[in-house]
Visitor: 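My questions all concern the structure below.
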Amino acid sequence: MSDIRVRFAPSPTGYLHVGGARTALFNWLLARKQGGTFILRIEDTDVERSTQESVDAILQGMEWLGLDWDEGPFYQSDCFPLYKEHVQKLLDAGKAYKCYCSSEILDTKREQAMKDGRKPKYDGTCRDRTDQPADAPYVVRFRAPQGGVTSFDDLIKGTITFPNDELDDLIIQRTDGTPTYNFCVVIDDAIMRITTVIRGDDHVNNTPRQVQLYEAFGFPVPQFAHVPMILGDDKTRLSKRHGATSVIAYRDMGFLPEALMNYLVRLGWSNGDDEIFSRAEMIAKFDIGNVGRSASVFNTDKLLWLNAHYIKNGDPQRLAELLVPFLVERGIDPAAGGPLLAGVVKTLQERARTMLEMADGALFYYKAPESYDEAGMAKFEKAHLQAVYGAAAEKLTEATATTSPEFDAIFKDLCTENSWKMPQVGQPIRLALSGVMQAPGIGEIVVALGKEETVRRIRKALEAVSV
RNA sequence: GUCCCCUUCGUCUAGCCCGGCCCAGGACACCGCCCUUUCACGGCGGCGACACCGGUUCAAAUCCGGUAGGGGACGCCA
């Protein structure tokens, strides 16, 4: 048991997207590997944009992935008094000051600076102001050190140094008295005794300010690890316009949580040439130091490949349970009759890349074909089809045909007795049973369907070709 | 614009810290062949990259410098 403490701190302004999920995963992995503590904290200081729905969506996403936390969820909105108290401390120590500049003035100054090609930063108007306008609204700003540099060692990117003159006096408390993000993270991470801050690298620019805040309070500065972003296929920041980014959307598209986890862990991190990682393996092998420094592109093809792998090797019983909602969506209730779902799943495991594909492939088991693939039927003479169906129906009726070897024997007999070639028998039967040309092995289908239903479908096909 | 970061096959990456084993390895995708009663699975093979320029060195993907390109940040959002 180590005393490493990490946290995942999403802001509840939307669902859990894959980028956030990966950040959560890396935190979780580090905690689990080292026997540390993984804390979930909801950063909802922006009351305007935070919603309960988002909180629920985030928790749902984490639960689906199996990212369990040890403490929390804590809500920053519950801690306002604590932040206030710390703002006051800084004020009392002269390390923060009240600023009466209106946001309008600030905005115009910022625009002007951008236009002039200067870095837009607070000009320090109120930094040394001595008068205290009585009722004027104000924000509280941190009195950032001037001159010199602030640097920190990043576990992933190495040492990063910022000239202090690039940093301005950031607002730590808004006009309405609420604290701002950069201030809250520091207080929270310090109070929760976070030892390692793992977050997206869009935060590196915030880090020096936070370090200064830690130092102003005399808090120990945690270690930082900034993980690179996940990009869309056009190499820009992943967003809705790249398609699905929500973790739950992947579930609904028929992805397995272990596949998404495996994909995410390999995005930006690697362990030699290994591609497949079980939970236990990723925990055992994960090393934050092996995380790459550059952004990576989200590639659905590879995710699909991993998903296929986990479907192929999954437990049929569990897959069957996961498949039910997809079937119900297609108007089929496997519990209402028809072949045993786990048996159906077995015939589809090597063919489906997603549960959605599997559901589509499973439809014919529960709904006898009403029509037959025309191109497929057209390959055979009508008389041949009639002969095959007639002979097959007769032979199967006599047989037990409840196992695959049994069916194979019948199948072979049909071929030899009539001197037919395998495809001449196989394809017509496949058509009769599934209606389509691409389906699982006929033996598998027959076993799943059972003798009676098989015979029924062949007779139905016989009728169809006899009119 | 300013600051910070990044740069190996189309994509994910190994190798880089500790130069030679790398005319750069694996995986996905793609192409071909084999297996096969369909589709898939699987097997085998192919295509394909060290951003660029200079320097250091007997030797550089690996070290140093510069250039270019990309991303991020610059908010009383997080």
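Here is the naming used below: chain letters follow the sequence lines, and residue numbers restart at 1 for every chain.
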Visitor: With sequence neighbours left out, what residues match Y263(A) under ring-ring contact (aromatic ring centres under 6.0 Å, His included)?
Guide: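 In terms of ring-ring contact (aromatic ring centres under 6.0 Å, His included), with neighbours along the sequence ignored, Y263(A) is linked to F298(A).
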Visitor: Consider the side chain of N182(A), meaning its heavy atoms from C-beta on, and name the nucleotide among A78(B), U2(B), C76(B) that approaches it most closely.
Guide: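 My answer, after comparing the listed nucleotides, is A78(B).
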Visitor: Once each nucleotide of nucleotides 16-23 of chain B is scored for protein heavy atoms under 4.0 Å, what B/S/- sequence comes out, 5' to 3'?
Guide: --------
Visitor: With the criterion being N/O to N/O and under 3.5 Å, what pairs connect the protein with nucleotides 25-28 of chain B, and how long is each?
Guide:
unit_1, atom_1, unit_2, atom_2, d
G25(B), N2, D273(A), OD1, 2.9
G26(B), N2, R266(A), NH2, 3.4
G26(B), N2, E275(A), OE2, 3.1
A27(B), O4', E275(A), OE2, 3.2
A27(B), O2', K302(A), NZ, 3.3
A27(B), N3, K302(A), NZ, 3.3
C28(B), OP1, W305(A), NE1, 3.3
C28(B), O2', K302(A), N, 3.4

Visitor: Consider the side chain of K157(A), meaning its heavy atoms from C-beta on, and name the nucleotide among C5(B), C77(B), C12(B) that approaches it most closely.
Guide: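 Nearest listed nucleotide: C5(B).
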Visitor: Table please: side-chain donor-acceptor pairs of residues 344-352 of chain A below 3.5 Å, with sequence neighbours left out.
Guide:
unit_1, atom_1, unit_2, atom_2, d
T347(A), OG1, V344(A), O, 2.7
T347(A), OG1, Y365(A), OH, 2.7
Q349(A), NE2, I311(A), O, 2.9
Q349(A), NE2, G314(A), O, 2.8
R351(A), NE, T347(A), O, 3.1
R351(A), NH2, E444(A), OE1, 3.1

Visitor: List the residues meeting ring-ring contact (aromatic ring centres under 6.0 Å, His included) with F286(A), not counting sequence neighbours, and say none if there are none.
Guide: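 Testing F286(A) for ring-ring contact (aromatic ring centres under 6.0 Å, His included), a comparison that skips the adjacent residues, returns F26(A), W269(A).
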Visitor: Determine the contact category for S103(A): base if any of its heavy atoms lies under 4.0 Å from a base atom, sugar-phosphate if only primed atoms, P, OP1 or OP2 are that close, otherwise nothing.
Guide: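 Here S103(A) touches the bases of the nucleic acid.
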Visitor: So which protein nitrogen or oxygen atoms get under 3.5 Å of nucleotides 71-73 of chain B's nitrogens or oxygens?
Guide:
unit_1, atom_1, unit_2, atom_2, d
G72(B), N2, N205(A), OD1, 3.2
A73(B), OP1, R237(A), NH1, 3.1
A73(B), O4', N205(A), ND2, 3.0

Visitor: For residues 406-447 of chain A, pull every pair meeting ring pair (Phe, Tyr, Trp, His ring centres under 6.0 Å), keeping only residues two or more places apart or in separate chains.
Guide: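 Sorted pair list: H384(A)-W420(A), F407(A)-F411(A).
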Visitor: Who pairs with W69(A) by ring-ring contact (aromatic ring centres under 6.0 Å, His included), at least two apart in sequence or on another chain?
Guide: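 In terms of ring-ring contact (aromatic ring centres under 6.0 Å, His included), with neighbours along the sequence ignored, W69(A) is linked to no residue.
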Visitor: Among S77(A), S50(A), S54(A), exactly one meets side chain to side chain donor-acceptor pair (under 3.5 Å) together with D44(A). Which residue is that?
Guide: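 Output: one option passes, namely S77(A).
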Visitor: Show the atom names and distances, to 0.1 Å, of all donor-acceptor pairs under 3.5 Å that link a side chain in residues 147-155 of chain A to residues at least two apart or in another chain.
Guide:
unit_1, atom_1, unit_2, atom_2, d
T150(A), OG1, N164(A), ND2, 2.5
T150(A), OG1, Q212(A), NE2, 3.0
D153(A), OD1, T159(A), OG1, 2.6
D154(A), OD1, I156(A), N, 2.8
D154(A), OD1, K157(A), N, 2.9
D154(A), OD1, H226(A), N, 3.2
D154(A), OD2, H226(A), N, 3.2
D154(A), OD2, H226(A), ND1, 2.5

Visitor: Is any N or O donor-acceptor pair between the side chain of T180(A) and the base of C76(B) shorter than 3.5 Å?
Guide: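 It does not, because no donor-acceptor pair links the side chain of T180(A) to the base of C76(B) below 3.5 Å.
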Visitor: Determine the contact category for T45(A): base if any of its heavy atoms lies under 4.0 Å from a base atom, sugar-phosphate if only primed atoms, P, OP1 or OP2 are that close, otherwise nothing.
Guide: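 Answer is sugar-phosphate: T45(A) comes under 4.0 Å of backbone atoms only.
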Visitor: Counting only non-hydrogen atoms, which of residues 361-392 of chain A are less than 4.0 Å from RNA chain B?
Guide: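 Here the set is empty: none.
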Visitor: Is there any protein nitrogen or oxygen under 3.5 Å from a nitrogen or oxygen in nucleotides 32-40 of chain B, and what are the pairs?
Guide:
unit_1, atom_1, unit_2, atom_2, d
U37(B), O2, R430(A), NH2, 3.1
U38(B), O4', Q427(A), OE1, 3.3
U38(B), O4', Q427(A), NE2, 3.3
U38(B), O2', M437(A), O, 3.2
U38(B), N1, R430(A), NH2, 3.2
U38(B), O2, M437(A), O, 2.9
U38(B), O2, A439(A), N, 2.9
U38(B), O2, A439(A), O, 3.1
U38(B), N3, R430(A), NH1, 3.0
U38(B), N3, A439(A), O, 2.5
U38(B), O4, G441(A), N, 3.1
C39(B), O2, R351(A), NH1, 3.0
C39(B), N3, R351(A), NH1, 2.5
A40(B), O2', E350(A), O, 2.4

Visitor: Where does C41(B) land, syn or anti, once you apply the within-90°-of-0 test for syn?
Guide: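 Here the answer is syn: the torsion falls within 90° of 0.
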Visitor: Using a cut-off of 4.0 Å between protein heavy atoms and nucleotide atoms, how would you tag nucleotides 63-68 of chain B 5' to 3' with B, S and -?
Guide: ------
Visitor: OP1 or OP2 of G75(B) versus the side-chain N and O atoms of R110(A): is any pair under 4.0 Å?
Guide: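 Looking at the OP1 and OP2 atoms of G75(B), one of them is under 4.0 Å from a side-chain N or O of R110(A).
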